[in-house]
Trainee: 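Structure incoming, see below.
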Amino acid sequence: MRKKNFLLAAILCLLLLGLCGCGGKAPVITYDGSFELRLGKTKAGDVLDAGFTNLYSHINDRQIGSMSWENLYAMKGDTSYGTMYAGNKSSREKAFRDGVIFRVIIQYDNQDYPVGEILVNGINFYGYTRDQVKEAMAGYEQTLDYGEYLDFESGKYKYTFSFLDGSDVVSRISINDGTETELTIQ
């Protein structure tokens, strides 16, 4: 009987943790309606296999050091799909292609390259004002609204919207899963 009560209590606790969203909802970033990137799950090799190239392709043959990361500047032709951070949390070197994407930066004001269609949780934030971002992110905890920055969190996931140079529209979005604080670049 005692075992059953313990098991029932454990299941109830797990259900309550799931309902409170303590882990947060993992962002889904969709590129050109055909490729979905999931922070903490998608590997750099998955991005490259989906037809994206790395602006600095010499990095593709590198190793990522232990507890470190490398950047993947995702491109298709002359169109930018942002900067992706491929990390290695292990104690050994790992091939760049095996690095797990833990952060994505979308830069709308890049003068060198136009930005492709990128949806964050089903929303294309290109051209969004601060108020439109707040409305779209209403289901997330707002943690900062000051000057150039507007931040939201969902568990371990953080969204930072930047409005640079006094702009009224989003200039840049950074989405991360908190991995960066665990790593040191080498």
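Just so you know, these numbers come straight off a predicted model, no measurement behind them.
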Trainee: Taking atom types as modelled, find out whether Asn88 and Ser90 have a side-chain donor-acceptor pair closer than 3.5 angstrom.
Mentor: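 On atom types as modelled, these side chains qualify, holding a pair under 3.5 Å.
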Trainee: Quick check: is Leu119 connected to Phe52 through a chain of hydrophobic side chains (ILVMFWY, heavy atoms under 4.5 Å apart)?
Mentor: no
Trainee: For Tyr113 versus Met75, what's the shortest heavy-atom pair and its separation?
Mentor: CD2-CE, 3.4 Å
Trainee: Using a cut-off of 6.0 Å, state whether more than 12 heavy atoms not belonging to Asp112 lie near its atom CG.
Mentor: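 Count over threshold, so yes.
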Trainee: CZ/Phe96 to CG/Asp61 distance, rounded to the nearest 0.5 angstrom?
Mentor: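 Result: 10.0 Å between the selected atoms.
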Trainee: Considering all heavy atoms of both residues, which atom of Ala136 and which atom of Phe125 are nearest to each other, and what is their separation?
Mentor: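 Scanning both residues completely, I find the closest heavy atoms to be CB-CE2, 3.8 Å.
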Trainee: Mind checking whether Ile123 and Ile175 sit in one hydrophobic cluster, side chains of I, L, V, M, F, W, Y counted as touching below 4.5 Å?
Mentor: yes
Trainee: Measure the NZ-CD distance between Lys134 and Gln142 for me, rounded to the nearest 0.5 Å.
Mentor: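 Lys134 atom NZ to Gln142 atom CD measures 5.5 Å (nearest 0.5 Å).
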Trainee: Please round to the nearest 0.5 Å and tell me the distance separating atom OG1 of Thr129 and atom CZ of Phe163.
Mentor: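 Answer for the OG1-CZ pair, Thr129 versus Phe163, is 7.0 Å.
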Trainee: Out of curiosity, Phe161 CZ to Ile173 CD1, how far, rounded to the nearest 0.5 Å?
Mentor: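 Separation between the atoms: 4.5 Å.
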Trainee: How about NZ on Lys158, more than 12 heavy atoms from neighbouring residues, nucleotides or ligands closer than 6.0 Å, or not?
Mentor: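 Incorrect, the count does not exceed 12.
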Trainee: Please say yes or no: joined through hydrophobic side-chain contacts below 4.5 Å, possibly via intermediate residues, are Tyr159 and Leu144 part of one cluster?
Mentor: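 No, no single cluster joins them.
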Trainee: So, the side chain of Ser154 versus the backbone of Tyr157: is there a donor-acceptor pair under 3.5 Å, distance only?
Mentor: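 No: the side chain of Ser154 does not pair with the backbone of Tyr157.
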Trainee: Can you give each donor-acceptor pair under 3.5 Å made by side-chain atoms of residues 101-109, sequence neighbours left out, with the distance rounded to 0.1 Å?
Mentor:
from   : atom 1 : to     : atom 2 : distance (Å)
Arg103 : NE     : Ser174 : OG     : 3.0
Arg103 : NH1    : Glu180 : OE1    : 3.0
Arg103 : NH1    : Glu180 : OE2    : 3.4
Arg103 : NH2    : Ser174 : OG     : 3.1
Gln107 : NE2    : Asp109 : OD1    : 3.4

Trainee: Donor-acceptor pairs are to be reported for all side-chain atoms of residues 33-50 against protein atoms at under 3.5 Å, with residues two or more places apart or in another chain.
Mentor:
from  : atom 1 : to    : atom 2 : distance (Å)
Glu36 : OE1    : Arg38 : NH2    : 3.2
Thr42 : OG1    : Arg38 : N      : 2.9
Thr42 : OG1    : Arg38 : O      : 3.4
Asp46 : OD2    : Lys43 : N      : 2.9
Asp49 : OD1    : Arg97 : NH2    : 2.5
Asp49 : OD2    : Arg97 : NH2    : 3.0

Trainee: Can you sort out the partners of Tyr56 under ring pair (Phe, Tyr, Trp, His ring centres under 6.0 Å), two or more places apart, ordered by chain and number?
Mentor: Tyr73
Trainee: Kindly work out whether a path of hydrophobic side-chain contacts (I/L/V/M/F/W/Y, heavy atoms less than 4.5 Å apart) joins Leu164 to Tyr128.
Mentor: no
Trainee: Just verifying a value: how many Å separate Asp151 CG and Met137 CE, rounded to the nearest 0.5 Å?
Mentor: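 Between atom CG of Asp151 and atom CE of Met137 there are 10.0 Å.
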Trainee: Is there a donor-acceptor pair under 3.5 Å between the side chain of Ser162 and the backbone N or O of Tyr149?
Mentor: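 It does not hold such a pair.
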Trainee: Any idea which heavy atoms bring Gly147 and Arg130 closest together, and the distance?
Mentor: O-NH2, 2.5 Å
Trainee: Using only heavy-atom distances, determine whether the side chains of Thr179 and Asp177 contain a donor-acceptor pair under 3.5 Å.
Mentor: yes
Trainee: Working to the nearest 0.5 Å, report the span between OG of Ser66 and NZ of Lys94.
Mentor: 10.0 Å
Trainee: Is it true that Leu72 and Val115 fall in one hydrophobic cluster, defined by side-chain heavy atoms closer than 4.5 Å?
Mentor: yes
